[in-house]
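Below you'll find the structure, written out as structure tokens, and then a few comments.
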Protein chains: 2
Amino acid sequence: MVGPGKPIDTQRWFVICANSLGSCKGSTGPCTNDPATGKPYRLAFPELSIEDIAAGHQQLLNYLGIKQLAVGIGCSMGGMTALAHAALFERSARHGVMISSALRAEPFAIAIRSVQRQLVIADPHFNNGQYQQSKDVNSGMGLARKLGVISYRSAEEWRVRFARQRVKAPEAPSRQSDPFATEFEVERYLDGHASRWAGSFDPCSYIYLSRAMDWFDLSAHTGKPKFESALVVGVASDILFPLHQQQEIASFLINCGTPTQFAPLPSIQGHDAFLVDMENFGPTIAKYLAGVS
Amino acid sequence: MVGPGKPIDTQRWFVICANSLGSCKGSTGPCTNDPATGKPYRLAFPELSIEDIAAGHQQLLNYLGIKQLAVGIGCSMGGMTALAHAALFERSARHGVMISSALRAEPFAIAIRSVQRQLVIADPHFNNGQYQQSKDVNSGMGLARKLGVISYRSAEEWRVRFARQRVKAPEAPSRQSDPFATEFEVERYLDGHASRWAGSFDPCSYIYLSRAMDWFDLSAHTGKPKFESALVVGVASDILFPLHQQQEIASFLINCGTPTQFAPLPSIQGHDAFLVDMENFGPTIAKYLAGVS
């Protein structure tokens, strides 16, 4: 979606895609060395909030000498961050695009993330934060990812995509030898996601970022996000950041004085739709950005 | 719902409530002693299907000398069993009531159950079936139960019931001492369910019954369930046995020649509604049974 001629056209826009504070993909986080000990922080890393992540982004903008963004864009946790950034730093972005995001975490999403964190922490290899990374699909991180994928996609998509298809021989294990081994295609799909995730994302980063989302509640701020215009995009099949939460963001922005478009999309891929359904997301984003002066 | 003057009125009906083969609550199952070894079967218990459970019920009816049931009633897995029983044993029940059940397992439900089983099996205490029961809320069984509860209720119910309420002191742990400890009321609710479950249900029974549901597919049968009449009840907020699956059961029964009523209920408690929403379920069941001669 980002590139020359793409919905976010890099011939027109200069795109800054910043990592999140706390993440293991380039920012300071639990696997960064603590200067006081010379060893990774792990669970000694301080409490992390979405507002901390937004403040980190602002530091980056200050460093780059950017006074104001043309458009702040974020999906999921990134949308929470874009909202927090706009609330904390007045006029930090002229326009805003929030995709499959939320004003605050709801109990269903908190419950799912709570179980995911406990899966990671209960894994003996986690070792109270002094973990050895495991690539096992049924490690704490592997199982947390599987639960994540269940919450990121939709029952409707899987009905069409997997139905009751079985894994074909020779990969298929014998039901006699192990009735609980991977037998259905949907189970193999989850295994695939878990094996790509476990061992590649830092377990402590994972639980810190996860908890930051639970804590997020924009209504706790006295500062309100305000843009010249905004676009809010959501998907009806999303069970993690459901459509009514997108409607809530749009209503909230309108009440705060921002002319806001709300675009509910018919994607069947659930929360992950923004990663895969370019057919619906591409034109929606492109059209909005085309109208931004 | 069962008793004198209740929707299933024991002044009128003789109620037989049979345990399921494979369960640890009174039937032969993985924790029964294998006569060959004198020790519990555990994972040496043979493959278990919904059809096996239905055949077990038929054995009980034969033993009791009952040629035909007036009404076969089942919720969830019990509804699958009632359908299998009617398909396997012609005219074994004159009427049928299927509640929040399914003709076959769909991939979303298979995915959830697959992760639940892996949680149990990955727990070091499971010890390849030679487990020691753990009462820990974050044991494999505890975590599997939490995921179960997430799938059994609904986001809508929890929004109303828990919102973002925090656990109050003195029970509330300090966020500083452990940012990942139970903090939200919804997390405490999950802890409560897990602590009542872990240590009270047999882990091997759990995974055998769980897999039996994945395997169930009524279309694999040549025999079709046929009743004089049937009632199919479902709930719009159910994500595990969703409403379209109830509509499917009703259509299937009608195609097999059974006059069938379909009752979609507005309960917000999801799959578990049949356990708690007596206000909606009671009159629906009572009215149907009143019409049974």
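We name chains A, B, ... by the order of the sequence lines, and we start the count at 1 in each one. Note that the coordinates shown come from a computational prediction; the quantities given were computed from them, not determined experimentally.
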With chain B, which of [options] has the greatest number of heavy-atom pairs at distances under 4.5 Å?
| options | result |
| --- | --- |
| I121(A), L48(A), D217(A), V149(A) | D217(A) |
| Q118(A), R164(A), R117(A), R153(A) | R164(A) |
| L147(A), I239(A), I112(A), N138(A) | N138(A) |
| E157(A), H244(A), E156(A) | H244(A) |
| Q165(A), E106(A), K146(A), R161(A) | E106(A) |

Nearest heavy-atom neighbours spanning [X] and [Y]:
| X | Y | answer |
| --- | --- | --- |
| D52(A) | L21(A) | O-CD2, 3.7 Å |
| F241(B) | A102(B) | CD2-CB, 3.7 Å |
| R42(B) | D202(B) | NH1-OD1, 4.1 Å |
| Q245(A) | L240(A) | OE1-O, 4.1 Å |
| A194(A) | G142(A) | CB-O, 3.5 Å |

What part of [X] lies closer than 4.5 angstrom to a heavy atom of chain B: side chain, backbone, both or neither?
| X | value |
| --- | --- |
| R166(A) | side chain |
| A105(A) | both |
| D136(A) | neither |

Task: H271(A) and S151(A): side chain donor to acceptor below 3.5 Å - done: no

Per-residue contact mode, [X] against chain A (heavy atom under 4.5 angstrom):
| X | answer |
| --- | --- |
| D123(B) | neither |
| A109(B) | neither |
| A163(B) | backbone |
| R145(B) | neither |
| L43(B) | side chain |
| L190(B) | side chain |

TODO: Please name the residue in the list I99(B), L103(B), L218(B) that meets the side-chain contact (heavy atoms from CB on, under 4.5 Å) test with I249(B).
DONE: L103(B)

TODO: May I ask you to check if R159(A) and F108(B) form a cation-pi contact, with NZ or CZ under 6.0 angstrom from the six-membered ring centre and within 45° of the axis?
DONE: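 Because its charged atom misses either the 6.0 Å distance or the 45° angle limit, R159(A) does not stack over F108(B).
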
TODO: Kindly indicate, with the supporting measurements, whether the criterion side chain to side chain contact (heavy atoms under 4.5 Å, CB included) is fulfilled by Y41(B) and T32(B).
DONE: CA-CA 6 Å; Y41(B) 287 100; T32(B) 307; 4.2 Å; yes

- [ ] May I ask you to check whether over 12 heavy atoms, not counting those of N127(B), lie within 6.0 Å of atom CG?
- [x]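 Yes, CG of N127(B) has more than 12 neighbouring heavy atoms, counting only those of other groups under 6.0 Å.
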
- [ ] Answer yes or no: is there an ion pair linking R188(B) with E185(B), defined by an N-O contact shorter than 4.0 Å?
- [x]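 A salt bridge links R188(B) with E185(B).
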
TODO: For the pair F162(B) and W158(B), name the ring-plane relationship: parallel under 30°, tilted 30 to 60°, perpendicular over 60°.
DONE: perpendicular

Open item on the list: Tell me whether the rings of Y189(A) and H193(A) are parallel (<30°), tilted (30 to 60°) or perpendicular (>60°).
Closed with: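 Taking H193(A) first and then Y189(A), their aromatic rings stand perpendicular (interplane angle over 60°).
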
Task: Within residues 204-212 of chain B, residues adjacent to chain A where the heavy-atom gap is under 4.5 Å - done: I207(B), Y208(B), R211(B)

